[in-house]
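Values below: all heavy atoms of this structure, side chains included; hydrogens, waters and symmetry mates excluded. Start at 1 and go down the list; that is how both ligands and their atoms are numbered.
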Amino acid sequence: MTTTTQSYKALTDESAIALAESLNFFSQGAKLESQEIGDGNLNYVFKITDGESGKGLIIKQALPYAKVVGESWPLTLKRATIEANALKKHGEFVPELVPAVYATNEELAFTVMEDLSHLTIAREGLISGEAYPKLSADIGKYLAKTLFHTSDFALHPFEKKRLAVEFSNPELCKITEDLIFTDPFFDHETNDFEPELQTAVEAIWNNGPLKLEAAKLKKSFLTEAEALLHGDLHTGSIFASETETKVIDPEFAFYGPIGFDVGLFLANLIAQAVTREGEKREAVIRHIENTWKVFSSTFSELWEEKGIEAFKDTKGYKEFVLEKIFQDAIGFAGCELIRRTIGLAHVKDLDGIEEPERRIGLKKQVLQTGEALIVKRKDLPTIAAVIALVEEQN
Ligand code: SR1
Ligand code: MG
């Protein structure tokens, strides 16, 4: 279902309700309520509910600027179409792990989708101590299926290149290129950190070998069009409960290196794990381990069963591909840890720690972990070695 053409106007609660009424989703005459619930950096999110039937839907609208900064940072509305199309494309492979899309409108830059408000944003739940037992198995599967099926290992080269063009997303990629791969490694105005971190941050800016490795990772992000990525797979892009997981917000989707999605998710688990102790910490550490285990075993099975690459049975090739994804993922995770600590957009896992000494101590530790993951990524052969490195910094 696609609605008719109109020129862009930001939705209000009233116009969001009028839009919902026009979709024939609710029964006629239903008394609808709207609540703007967007807590991300970029968009409006309206939740429309019919109190009587309990039915609901979500209308997400892209703003023509980045909400986190304001109108001084214009941002393409095309990202709404990219997001809706990525949800649909990824939904072909993991329908149970993404929200259903009901309607889209390119001009008004909105997507109408399944209401997931019975779930909690995973970052929020994890911060309040939830374990989400299915999280890593579900995300490992999501990663393997979406990334394998949109890669050259599964698609005819014409279709893969057609998708790479459809999902060309230069403006949103530029945000990542700047905020993850460039600005945190230089004295740049977008950086944001407590004065107590100044010495640690200057050490990053002056660390030539670290910057060389960050440059190599940035080059991979810029040039390796391997699969249709989610592009921003942090724990704020995931809804979860004890029994369900749904991945939302793929507005940064584009054809990029497979390890990027894997690495971003691992980094956000690491940023959560370091804030915990005892059994609760162990639960997140097990998620780190299991994400890689499920991803690599599912990817490997898909390779054997559905792979179309002529060299797929050549001894050592699958292992080479998985090893490259792993090394990339670990390096990208390091970059994400550094940017979430000293760059423009932080994470509540760390910023929300009220006690200043503990917060600063953990942030220094996260910076060291990020640096080590980047520089030592080729010497970390297994996920167990990565976990040992994370624990060493503690
Ligand atoms: C200006 S956007 C800042 C960050 O928010 C998004 O979720 C991405 O992570 C981006 O880097
Ligand atoms: Mg987002």
Discussion item. For His188 together with Phe186, are the ring centres under 6.0 Å from each other?
Written reply: no
Worksheet item: Is the number of heavy atoms from other residues, nucleotides or ligands within 6.0 Å of CD (Glu202) greater than 12?
Response: yes
Worksheet item: Can you name the one residue among Lys134, Lys141, Lys246 that meets salt bridge (charged side-chain N to carboxylate O under 4.0 Å, His left out) with Glu96?
Response: Lys141
Fill in: Short side-chain to backbone donor-acceptor contact, Glu224 and Gly256, under 3.5 Å
no
Worksheet item: Would a distance-only check, ignoring hydrogens and angles, find a side-chain to backbone donor-acceptor pair under 3.5 Å from Thr369 to Val390?
Response: no
Practice prompt. List for me each residue that meets side-chain hydrogen bond (donor to acceptor under 3.5 Å, both in side chains) alongside Asn268, sequence neighbours excluded, and say none if there are none.
Written response: Arg123, Glu336
Give every pair made of an N or O atom of ligand 1 and a protein N or O atom lying under 3.5 Å apart, one pair per line with both atom names and the distance to 0.1 Å, or write 'none'.
from, atom 1, to, atom 2, distance (Å)
ligand 1, 5 (O), Asn41, ND2, 2.6
ligand 1, 7 (O), Asp232, OD2, 2.6
ligand 1, 9 (O), Asp232, OD1, 2.8
ligand 1, 9 (O), Asp232, OD2, 3.4
ligand 1, 9 (O), Arg340, NH2, 3.1
ligand 1, 11 (O), Arg339, NH2, 2.4

